Structures are given as C-alpha cells and as structure tokens.
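Working notes for the structure below.
In this text, all values refer to a predicted model and were calculated from it rather than measured experimentally.
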Amino acid sequence: MLNETICQQSYFVQGCEDAESSEIRFRLCQELWDEIKTDTEVLQDELNRTILDSLLDFTRKCSSTRQNSDWTSQMRASEIPTAALMLGVNVPDHDMTFQSLSDMLKQSVSPHVASVQAKECGALKHLMKKVLERLMDTVVVVDDEDEEENVETSPRVHRSMHCSLGILCDWYTARTKKSPTGTPGKKRSSQVRDEQQQPPVVIIFKDLEAFNPRVLQDFILICSQYIDRLPLTFIFGIATSPSTIQHMLPHSVSSLLCIELFQSLSCTQHLATVIDKLILASRIHFKLNGKVMQVLIGVFLYHDFSVRNFIKGLQLALLEHFHSQPLSVLCCKKKQALFNVTQLSKPNLDRIRQLPSFKRYVEKQEAQEQVNLMTDDSHLKEVCQQLIKDLHKYHKNYYPILRCLHTLTSSLPRYPLGKQIRELYLICLAKNVWENEDYQSAMKLVKMLAKGEMVSLLQKCVEILQLSKSKKMKNALVQLEELLAKFKQLDTSIPSPIKNLQKKTDLFQLQKTLLEMNESRRAKRLSPFENLRNEALEFIDNLVKSHLSPPESQPLYEVCYYSSSATVRRHLNATPRTSIQAALSNPYYYLQNDSLKSEDGTVSNTAPDICIAYKLHLECGRLINLYDWLEAYSTVVSAAEGNDQDSENFGKVDEVKHARFIRAVSALEFLGFIKSTKQKTDHVARLTWGGC
C-alpha cells in the first residue's frame, strides 16, 4: 500500500505551492526509499544465509542418504526427512524467509518445491490439491461440480479421482526417468547420473501451528505410504516451540518423521542489525528523532516483533517527512544538497528563517550578521551551504563515537546505558548524554576494569574508528592507537611493585620496597596503569562531549529529522472504530471534497448515503423505526437533489432512494452500528453510543 502511495507523484503535489519543489522531493524520496529497500533485502539475505545454507545441506544429505545401500540408511529411508525451522513469533517476517528458501531450493537442490499455508488447506483434499498443483504446475479439481465445469475449458486438468499422491508418483517418475542408452562398461557412471536426476520433492508448511492437526496427520500417513516411490522432504515453519510437533502429532505419526531442528536468528538480533546498518548510518540522510524511534521500537516490542513492519514504519515516516516538509529538498547527498540550496525559492528561504534551530543559530550571531541573515537571501544561501556541510560532518562523527561508547558500556554490570545500542541512541537523542547519571555511573565502572579488559575494549574502538573517513575521526584514531600502545608497553616499561618483591632477595632492598608500597597506599598515589586508564577515559569523555550532542543542537536539523511521532502512532496503532466514526461524521476529512465541508458537526446533504444514514441514526434512541428513518433520509436526499420543498414529490420515497437507503443500512449493520431485533420487526437496535 505504501509503495503504491509513494509512486503517486500527485500525493506530493497536492496542496503544495511550488510544483518544481514537490517534483524534487518526490524524486529524492523515491531514490532514498529504493536505497533503503535494497539495503534491507541484502541485509535480510545475509542474516538468513547461515540458516538457509543449513537447510540446503539438510535436503542434499537426505537425498543422498536414500541412495546408500547400508542398513542404517535403509531404515532412515522409511522415514520422511523433516526440518523443523524455528522462526519465532514475528510471523509477518516469515514470508520473506520462506520465499528466499524456496528460491534457493529450486536453484541448487530441486525444482520440485511446494509451499502451503493453513488458510488454504482447511481439509485434506484442499491440502492435496495445493501440493499437486504447485509441484506439477497444473490444475487439479477436487469437487465433482467443479470438474464438470472445468474439464472442457482447461486442457491441463487432472480429474478428482486422480487427486492423490499416486498421480504425483507417476508424474515424478516420468520427469526423472532416463532413456536406457549407454554400454555396460558405463554402468557405474550411468547410475551416478540417475542419482543426480532424482531430486527430492520438498513441501514447506509455512505456519504449522495454524494447520488442522487431523488434516496434517492424515497427510503424513498418506505420504509415508509412498516414501519408497517419492523422495519427500518436509519443512515445518514453527513460530512458538518445537513441542508443537508433539502436541499436534501423536507418536504413531511423528515416528514416521526423521526430524532435525533448525533455529533462525532471533527477531531482536535482526532488529539490532537493521538499526545498526540503516538507522545508524551516515550515508542514509533521512533520520528519525527520539520520539518517533520510541514509537517504532514500541510497536516492535509490544505488538508483533516484526522487523518487516518496523521497516514499513520507517517508510511511512520517510513518506510523511518528504510530503509535509518543503525543506526536505536538502535531505540528500552533500553535493546535491548544496546545489539545491542555491535553487531555493523565496518561500523556502522564509521557511528556513522560521526554523527553531535556525533561530537559535541567529541569536548567537552578532547584530549585523543577524540582520544579514534575516534580510539578505544571497547571504542566507551561503550560510545555509556551510550549515549543511556541518550537518553532514556531524553525522559522520556522531555514529562512530556512539558505537565506541556502546562498546565501552555494553559489557558493564546492570547495563547502565543499555545493553542494545538502540537504548543508548535514544538517550543520546533526548539530551546531552554526559549529563545523564547513568553515564557517570558507567564511567565509574569503566575505571574499575582490569588491564586486559581495558585493552580489549580500546582495541574494538580502534576497529570502529578505522572504518570512518572523517578527518576528526582519523585524528582520534591516531591518539587512541598511541594510548593502546602505552597500555601494551606498560608491563615492560614500569614493573609493578609485586614483581619487584619477587626479584629482590637483599633484606635492605626488601624493606625499602615495602616502605615505598606503604607510603604509596597512605598517599593514595595512582599506579601507572590507573593514570593511563584515567587518561584514556578522559579522552573518550572529550570525544563524547564533542560529537554526541543531540541533533536539536545542530542548525537546520529539521531538514533531515522527522519528528511527528503522533502521525506515526496514529497510522501504526490504528483505532478502527474511531476512524470509521470520523469518516462517517466528517467525510471531508478523507475525501477532501469542498462540497462536503460543514460546520457545527453537521453532515452535508451531498454526503455519501451511509454518512447521511449514520448521522440520522445518531438522533434516535435504542430502537430505530426503519420507516421513519427512511422518510428522514428521503427528505435529506431530496434537498440535495435541489427539489422544490413546496412540491408534492419532495421527500417522496421512490425505488432508487429506497434501494440506496437499504444499501446504507446494510453497510451500517455490517460495520456493527445496528442489528435486527425480535422485539419489533420494523425496528433495528442501535449498538453504539457516544461520538468519536
């Protein structure tokens, strides 16, 4: 749905003063979403690669096991190989996984792959029909009436009496049978080729829990009768627990399956990777502020655990940002953004002057500079170009330091700044993180780390900074590498007092060393390692204070950051009844037709029939007389048609009005506003009270 909306350029042009600007925003929005979509697909393939490769190996292994002649393999061959794929409760994400699995199986293992869902397999005959149709690429009829109707129109139909695995076995044999050519000397090579031409038949059950247990049991029992003729392999998609198989299948059925368990990546790990690669990436210029991030993460954690829906929420925010913010023409790559600044129209320049972040920037300037910024458009464009450059530099420095801080604090006890980087990111978006009490507690805990732990964490920070191309990050990398070298040289350059005690055997030297240690404890002098550790933490703290200020502190941050959390929440956390009542009470809100505008909560007589009927039903009590309701409706419609109120036919019910009224009442009954009642045959009962 969102993809269809984003492709409608009129959505951006609607209500826009500058058509050229709307075209640029539409193009930028489309390019940016295409980039995010491509990155998401690549990331999805990378995350699923391990589990999908394991499933491919499983199907290959099962296929080769059937062709071995040893006793163990023959015993296994009497069972149906079954992969129990644990996917988690994020059901909306399963479709992408199964689609990738099906494509990979067809490319590298077997062309005979069929995927089925519970909603299309309510009975055994329906399950058998879907499996045969998708494996044989034909039409299978299971009902006698449908057979008589379709047998003449479709040349590729198998009659209902052939809707069984027997016809599938014959079809599979015909597809894999090899012509008997070759010499006896080539018997072994011919046998190998025959084995290669007998690929497995893979059936994927996408949502195992939703299947009727009886249907599934009968299907497995039937398949077990053909396992010697048909190399079947099952893949069960499970959202909850492996014990689901035991609950759905009795031992007499489950013993026919050779089950192997496969565990996919958890949805929380998947989300963490998506946030790290897409949200916390300077190359993606569109950003979300803290409140919008909290809404999307809240929907993920408390609703469906779906990364796919999280991406849809990101897409919705992207669409709303480019539609509602005319200055989003600057939300693009730096070179293009600098060019777009020079093309800004007078209204857009005035919008820049009204931005809260730009007002704060102007207040910090000298008096003459303030006048120039508010009056001189050419000077404003020059300043905006520099501010856009600074905003891009801010993002390039922000995310490496954020990852470094997360590396230092994520392994601490009780996770003062959060275990996941998204938790730290939300804190940094809200305010200066170094003013947070949890940050100060985390720094105190870091000061208690041993040398090995400290060196390991700093080494990870070095690896993070090495990926950045920013000049400031390169300078920070040089200083951090120097600190790391000092840590590694600490043992050889400054021996510890404990080691001195072990080396000295002279009594005088031993007494001298003990006295020095005692004085050091009294004076609380820091050891060389403690001094170096404090120096490293001070260096990290300075980086945090320099580069992790909130986005609101940056001038023109509004061009890149979307902040309307209420809009995102309204779209994602839908309230159907409120939306329906709003549409029926005020149709102009959705239709945007000027003739539907009304005041004082009234409904225009030109509104749709259902809106008129709904408004009239609000004026009634618990029971509504249908005839009175029809008369009132006819009067309103007659006024909309422009009929003379003094004429005899005004308000008269004709067949057309009667049919329109019946259709409107039926729609209200379907939506749950009224219902028929046995108290009075010519009345209906009202079910809802109160407005929206």
Side-chain angles (χ1 to χ4, degrees), residues 1-7 30 32-59 83-111 113-121 130 134 202-211 233-240 244 261-279 281 284 296-297 299-301 303-319 422 572:
M1 180 179 179
L2 290 174
N3 283 329
E4 295 175 358
T5 305
I6 197 174
C7 292
Q30 201 168 31
L32 188 55
W33 176 244
D34 289 341
E35 182 180 359
I36 294 177
K37 183 180 179 182
T38 302
D39 292 346
T40 303
E41 293 174 352
V42 172
L43 189 61
Q44 179 81 14
D45 292 339
E46 292 178 354
L47 293 174
N48 290 332
R49 183 173 300 167
T50 302
I51 186 67
L52 294 182
D53 288 345
S54 300
L55 286 169
L56 294 180
D57 293 339
F58 171 78
T59 54
L85 178 57
M86 303 300 303
L87 293 172
V89 295
N90 51 325
V91 178
D93 298 338
H94 294 180
D95 286 340
M96 295 179 63
T97 303
F98 284 121
Q99 185 61 47
S100 300
L101 174 61
S102 180
D103 293 341
M104 295 178 68
L105 285 171
K106 291 179 180 179
Q107 291 174 4
S108 60
V109 178
S110 171
V113 180
S115 299
V116 291
Q117 289 181 287
K119 63 181 181 181
E120 56 190 12
C121 304
K130 293 297 181 182
R134 290 169 185 174
V202 183
I203 302 176
I204 301 175
F205 299 84
K206 291 185 176 181
D207 45 354
L208 184 70
E209 291 93 342
F211 275 86
T233 299
F234 292 164
I235 297 179
F236 290 163
I238 302 176
T240 53
T244 301
L261 186 65
F262 295 86
Q263 180 69 52
S264 67
L265 189 68
S266 69
C267 51
T268 52
Q269 292 175 311
H270 193 169
L271 177 67
T273 307
V274 168
I275 291 178
D276 185 60
K277 300 297 183 182
L278 296 182
I279 306 296
I284 304 295
L296 294 183
I297 294 175
V299 170
F300 173 85
L301 293 176
H303 285 77
D304 53 14
F305 288 99
S306 173
V307 178
R308 181 180 180 183
N309 289 344
F310 180 87
I311 298 296
K312 285 185 178 180
L314 177 62
Q315 180 185 17
L316 171 65
L318 173 70
L319 181 64
R422 65 171 183 264
L572 297 183

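Atoms CG and CG, on L261 and L85 in that order, are 9.0 Å from each other to the nearest 0.5 Å. Note that the OG1 atom of T97 and the CG atom of N48 stand 4.5 Å from one another [nearest 0.5 Å]. For the atom pair OG of S108 and CG of D53, the computed distance is 8.5 Å after rounding to the nearest 0.5 Å. Rounding to the nearest 0.5 Å gives a distance of 13.0 Å between CD1 of I311 and CG of L316. Distance CG/L105 to CG/L55: 7.5 Å, rounded to 0.5 Å. Taking CG of L314 as the start and NZ of K37 as the end, the distance is 14.0 Å to the nearest 0.5 Å.
Taking all atoms of both residues into account, the shortest heavy-atom contact from I297 to R422 is CD1-CD, 3.6 Å. Considering every non-hydrogen atom in both A239 and H94, the closest pair reads CB-CE1, 4.0 Å. Annotation for L52 and S100: closest pair CD1-CB, 3.9 Å, computed over non-hydrogen atoms. Taking every heavy atom of both residues into account, L87 and S264 meet most closely at CA-OG, 3.3 Å. In terms of heavy-atom proximity, D93 sits nearest to F305 at OD2-O, 3.9 Å. Residues C121 and F211 approach most closely at CB-CE2, 4.0 Å, considering heavy atoms.
Contact check for L47 versus Q269: no side-chain heavy atoms found under the 4.5 Å cut-off. Counting heavy atoms from C-beta outward, N309 and F300 have side chains that stay 4.5 Å or more apart. I235 places a side-chain heavy atom less than 4.5 Å from the side chain of V202.
Side-chain contact, S306 with N90: no donor N or O sits under 3.5 Å from an acceptor N or O. A donor-acceptor pair shorter than 3.5 Å can be found between the side chains of T240 and E209. Inspection of the D103 and Q99 side chains reveals an N or O donor paired with an N or O acceptor under 3.5 Å.
In this structure, the side chain of T40 engages the main chain of I36 through a donor-acceptor pair within 3.5 Å.
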**Study point:** Test side-chain contact (heavy atoms from CB on, under 4.5 Å) applied to K277 and D39, step by step
**Key:** CA-CA 8 Å; K277 300 297 183 182; D39 292 346; over 6 Å; no
Exercise for review: Report the C-alpha distance between S54 and F262 in whole Å, list the side-chain angles of each, state the deciding distance to 0.1 Å, and finish with yes or no for side-chain contact (heavy atoms from CB on, under 4.5 Å).
Suggested key: CA-CA 8 Å; S54 300; F262 295 86; 3.8 Å; yes
Exercise for review: Apply the test side-chain contact (heavy atoms from CB on, under 4.5 Å) to residues L101 and I204: give CA-CA distance (whole Å), side-chain angles for both, the deciding distance (0.1 Å), then the verdict.
Suggested key: CA-CA 10 Å; L101 174 61; I204 301 175; 4.2 Å; yes
Review point. How far apart are the C-alpha atoms of L296 and L572, what are their side-chain angles, what is the distance that settles it, and do they pass the side-chain contact (heavy atoms from CB on, under 4.5 Å) test?
Key: CA-CA 9 Å; L296 294 183; L572 297 183; 3.4 Å; yes
